[in-house]
Amino acid sequence: MEKFVINGGKPLKGEVNISGAKNVALKIFVASLLTNDELIIHNVPHIRDVFLLLEVLEHLGSKVIVNEHTIRIRSNHIHKTLVPLEVGARLRTSSLVLGPLLVRYGEATIPNPGGCRIGIRPIDRHIEALRQMGATIEYHSEDGYFYAKAPSLHGTTVTFPKNTHTGTETLILAGVLAKGKTVLKNAAEEVEVDDLISCLIRMGARISRPAPRTIVIEGVEKLHGTEYSIMPDRNEEVTFAIAAAITGGDVLVHSSQRNNLVAFHDVFTKAGGIVIEEDTSITRYKAGKKLLATDVVTEPHPGFMTDWQAPWAVLMTQADGKSTIHETVFESRFSYVRQLNKMGANISFFDPKVPNPTEFYNFNWQDRVEGYHQAILITGPTKLHNAILEMEDLRAGATLVLAALKAEGESSILKVEQIDRGYEKIEERLRGLGARISRVREDFA
Ligand code: EPU
């Protein structure tokens, strides 16, 4: 077990390069199951989720070669169609293999997906949509597996009842080789979905977005290999932007995803943050004279992403006044609040008045835990002090690192494997900006 030891209070200054996007890399790996040819993928981040998914693919029979940030995958000898529980349950994205395995091999058995502890996160929308394409899928609660079969998948029109990012990707990955035309309505618009689409088009798929929230896929006989470079991770950029602003620093971000961060920049600048366009792919972030309380409501793209709300909360602990965060995508993504309060933040929960919660929220309303609140009120500015903290999910982990970088004194953050799931060597990159952070092996006597 490892922990981070952070001595806060130092302004972060310097330059940092953004890694490839986790939420694209994982899906493109899965796309390799759609062809016998080799897929060469560049700009792959070295993070735990990447290696876990490669383990899943190797278990199925794919050959994987890792060379720095380039990964070559060839899936011409798939000999298993079952994802083992021990890997699959740790990585939600492993459920994405359903589409390619069904469309190419007629069967797939996957464990109920795990991943971040940010809610129940069912995959009912994926399953229902695949059934509409001709799959038979049964869930066996006694062993926790979905058993799926499909002699062939056929195109159809699927209307998702609510937004689903990976659900849309599952259907795209099934539709590209299905018979006929698949039309996805109310499909996710996250830019990471588009990066997957671009790679699939390079592999010979026929996919278009003729209207907002509509994706049309013309099934083809066969896909071929290609080389593809993954887009930079905009969630990482948000983390570094907040790190700069919260510590009174000045950070130059290379491989910036500025054009895909409009919703973030809107509130960041409203809150007193400064964004300077230095070059097409270089953006400078720093704090203005004063941070101001600013309310946010999370939404699917193009809104303020749910992935940004936890780091945003740390920024708001330093802003002048009362700010609110209303989480509408996941039913349980405030695990960090107790930890920030432990450090001296003043954050309380409340329930916003919503006319029709069943429709308003992106999660299934019935999955909500009784008594759990969907919004927080942050009163700032508050002085943050050191503490011993524990990460419960990836973005909450990044949030605690940010808080410790701001706090006075030495903090320890346990369970760093959570942050390793999505950020490559975060401590080295933060040190490059002047942070006093080290990774320490925890010894239990
Ligand atoms: N949902 C259902 N049933 C479904 C699908 C989704 O109830 O069949 C619910 C989810 O539980 C959630 C909401 O609907 O409450 C939205 O879920 P969505 O499917 O859009 O999210 P996801 O695919 O599970 C991906 C990213 C998340 C990111 C969200 C929002 C990956 C691997 N994960 O999750 O990333 O927050 O979309 O864009 O792409 C992260 O990187 O830390 C992370 C959690």
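As the structure lists them, so they are numbered: ligands from 1, and atoms in each ligand from 1.
Below 4.0 Å from some heavy atom of Leu394 lie the following atoms of ligand 1, by number and element: 42 (O).
Residue Glu299 places every heavy atom at 4.0 Å or more from ligand 1. Residue contacts with ligand 1 do not include Glu169, since none of its heavy atoms lies under 4.0 Å from the ligand. Distances from ligand 1 to the non-hydrogen atoms of Pro122 include at least one value under 4.0 Å.
Of all the heavy atoms of His301, none lies under 4.0 Å from any atom of ligand 1, so neither backbone nor side chain is involved. Contacts of Thr93 with ligand 1, taken as heavy-atom pairs under 4.0 Å, involve the side chain alone. Proximity of Thr306 to ligand 1, defined as any heavy-atom pair under 4.0 Å, is confined to the side chain (atoms from C-beta onward).
Using modelled atom types and a 3.5 Å distance limit, the side chains of Arg131 and Thr136 yield no donor-acceptor pair. Under 3.5 Å, the side chains of Arg234 and Asn260 contain no donor-acceptor pair of N or O atoms. With 3.5 Å as the limit, one finds no donor-acceptor pair spanning the side chains of Tyr336 and Glu390.
Relative to atom 44 (C) of ligand 1, the option among Arg92, Glu128, Arg333, Arg368 with the closest non-hydrogen atom is Arg333. Selection from Tyr361, Phe330, Phe363 by nearest heavy atom to atom 17 (O) of ligand 1 gives Phe330.
Under a 3.5 Å cut-off, the side chain of Tyr285 and the backbone N or O of Gly249 do not form any donor-acceptor pair.
Between Lys415 and Asp420 there is no salt bridge, since no side-chain nitrogen of the basic residue lies less than 4.0 Å from a carboxylate oxygen of the acidic one.
Classification of the Tyr139-Phe146 ring pair by plane angle, with boundaries at 30° and 60°, yields tilted. The aromatic rings of Phe363 and Trp365 lie parallel to each other, with less than 30° between the two planes, well short of the 60° mark.
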